[in-house]
Number of protein chains: 2
Amino acid sequence: MTDATALIDALDRAGYRLTEPRRAMAGLISDQTGHFTAADLVVDARTRRLGIGRATIFRALDLFEDLGVVERLDLPSGDHAYVPCEPIHHHHVICSSCGRTEDVDDPGIDAVTRSVARRTGFRIDSHRLELFGLCPACAGSVDPR
Amino acid sequence: MTDATALIDALDRAGYRLTEPRRAMAGLISDQTGHFTAADLVVDARTRRLGIGRATIFRALDLFEDLGVVERLDLPSGDHAYVPCEPIHHHHVICSSCGRTEDVDDPGIDAVTRSVARRTGFRIDSHRLELFGLCPACAGSVDPR
DNA sequence: CGTCCAGATGATACAGAGTCTCATGTAGGC
DNA sequence: GCCTACATGAGACTCTGTATCATCTGGACG
Ligand SMILES: [Zn+2]
Ligand SMILES: [Zn+2]
Ligand SMILES: [Zn+2]
Ligand SMILES: [Zn+2]
């Protein structure tokens, strides 16, 4: 789906060791379509008999998240899902049906945060925006109105 | 902090029984300052020797959430926290220091979602926006620049 | 190349969140 | 006041994520 190289490069650039399990994780992640959970990766690693321990999967996922090449989504269900993405500030549109996501750059939230800051007196440092809906493919198939 | 009556009324209006444990939960929730977790309520219920079971706490919390009088926040830490609030669409500014939140009505996200929909082809059905920062009190005390 | 060791791993135990079951209790309509 | 559908509490259970620790290995260095 995406490119495992980007994940591996990020590790390398940050000075982390390029170990076998980490390379395998990069492969697993880049093969995912749409968002995925830690449990998904555990299952996939198991299926492919990669011999990667559960703890390592969580550790690598945290690492990729710290490096900004993977981002955590908080699904309405309460589950934590992840998507590979660029290490710059942006947001996600998430398909509620197939889980595919697309990055969207900050579309005008600055004005919003400034306005909120003015009205509430809060000093706003960060924000999270998630947009849920149906991707073109899913919208087309379930809703051929 | 907030008003327990609003929580109880919401149950009543939706046709749920007004049981002792649910009234107690409404009390616990309205006494919270800032956001709180299910675990917080378990501790508080225990401390006050209310004799409410853990399962009941989770069940009541889910119920209040369904009724829209309590909303779940996904903290950057990954924890699930809750805040009592009005059952209409709105967002929260969250103080990273004391956990206090303030409701903010939709500040201009509609334009954002429309623009994103146009650019990505997604049909956007819902969204979540959370703003993190420091409330006036906390900003004043830690940052008297 | 081979040596070496800080950093990484996997097994396992553990802690916490949330769910399920089921016998018992009770709200509230009659 | 009775009755029953709905709610509760206890406790077992599942799942996510973390901690510990003995063992292993990437890659720096010679
Ligand atoms: Zn889709
Ligand atoms: Zn943004
Ligand atoms: Zn504060
Ligand atoms: Zn909104």
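Sequence lines set the chain letters: A, B, ... in the order given, protein chains first and strands last, and positions in each chain run from 1. Fair warning: this is a prediction, and the values are worked out from it, not measured in the lab.
For the pair Arg22(A) CZ and dC24(D) P, the computed distance is 18 Å after rounding to whole Å. The distance from atom CE of Met25(A) to atom C1' of dG10(C) is 14 Å, rounded to the nearest whole Å. Atom CD1 of Ile8(A) is separated from atom P of dA8(C) by 15 Å (rounded to the nearest Å). One can place CG of Asp79(B) at 12 Å from P of dG16(C), the figure rounded to the nearest angstrom. For the pair Leu41(A) CG and dC15(D) C1', the interatomic distance rounds to 16 Å; values are reported in whole Å. Taking atom CG of Leu63(A) as the reference point, atom P of dA8(C) lies 8 Å away to the nearest angstrom.
Counting heavy atoms from C-beta on, the side chains of Leu7(B) and Leu11(B) never come closer than 4.5 Å. Asp3(A) has its side chain out of reach of Ser30(A): every pair of non-hydrogen atoms, C-beta onward, lies at least 4.5 Å apart.
Here the closest heavy-atom approach between residue Thr113(B) and residue Ile124(B) is recorded as O-CD1, 3.6 Å. Minimum heavy-atom separation, Phe64(B) to Ile29(B): CD1-CD1, 3.7 Å. Summarising the geometry of Leu50(A) relative to Ala24(A), their closest heavy-atom pair is CD1-CB, 4.1 Å, with the distance given to 0.1 Å. Scanning all heavy atoms of the two residues, the minimum distance from Ile88(A) to His90(A) falls at O-ND1, 2.5 Å. In this structure, Arg13(B) and Ala6(B) approach most closely via the heavy-atom pair NH2-O, 4.5 Å.
Leu63(A) is connected to Leu18(A) through a chain of hydrophobic side-chain contacts under 4.5 Å among Ile, Leu, Val, Met, Phe, Trp and Tyr, so both are in one cluster.
Residues of residues 67-75 of chain B having a heavy atom closer than 4.0 Å to DNA chain C: none are found. The stretch residues 44-62 of chain A touches DNA chain C through Gly51(A), Ile52(A), Gly53(A), Thr56(A), Arg59(A), each having a heavy atom under 4.0 angstrom from the strand.
With hydrogens and angles disregarded, no donor-acceptor distance shorter than 3.5 Å links the side chain of Asp44(A) to the backbone of Leu41(A). Here the side chain of Ser115(B) pairs no donor or acceptor atom with the backbone of Ala111(B) at under 3.5 angstrom.
Here CG of Asp79(B) is found 7.5 Å from OG1 of Thr37(B). Values are rounded to the nearest 0.5 Å. Summarising the geometry, atom CG belonging to Leu61(A) is positioned 4.5 Å from atom OH belonging to Tyr82(A); distances are rounded to the nearest 0.5 Å.
Rounded to 10 degrees, the angle separating the terminal axes of the helix from dC1(C)-dG30(D) to dC30(C)-dG1(D) is 40°, with each axis obtained from five end pairs.
Around the OH atom of Tyr16(A), the shell of radius 6.0 Å holds no more than 12 heavy atoms that belong to other residues, nucleotides or ligands.
In summary, the side chains of Asp103(B) and His91(B) do not present any donor paired with an acceptor at a separation below 3.5 Å, with no hydrogens or angles considered.
A salt bridge (charged side-chain N to carboxylate O under 4.0 Å, His left out) check over residues 45-64 of chain A, counting only residues at least two apart or in different chains, returns the pairs Asp31(A)-Arg48(A).
Using a cutoff of 4.0 Å between basic side-chain nitrogens and carboxylate oxygens, Arg119(A) and Asp105(B) are scored as salt-bridged.
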Using the 3.5 Å cut-off, write out each protein N or O paired with an N or O of nucleotides 28-30 of chain D and the distance between them.
none

Give me the distances for all protein-to-nucleotides 24-30 of chain C N/O pairs that come in under 3.5 Å?
from	atom 1	to	atom 2	distance (Å)
dG28(C)	OP1	Leu18(B)	N	2.8

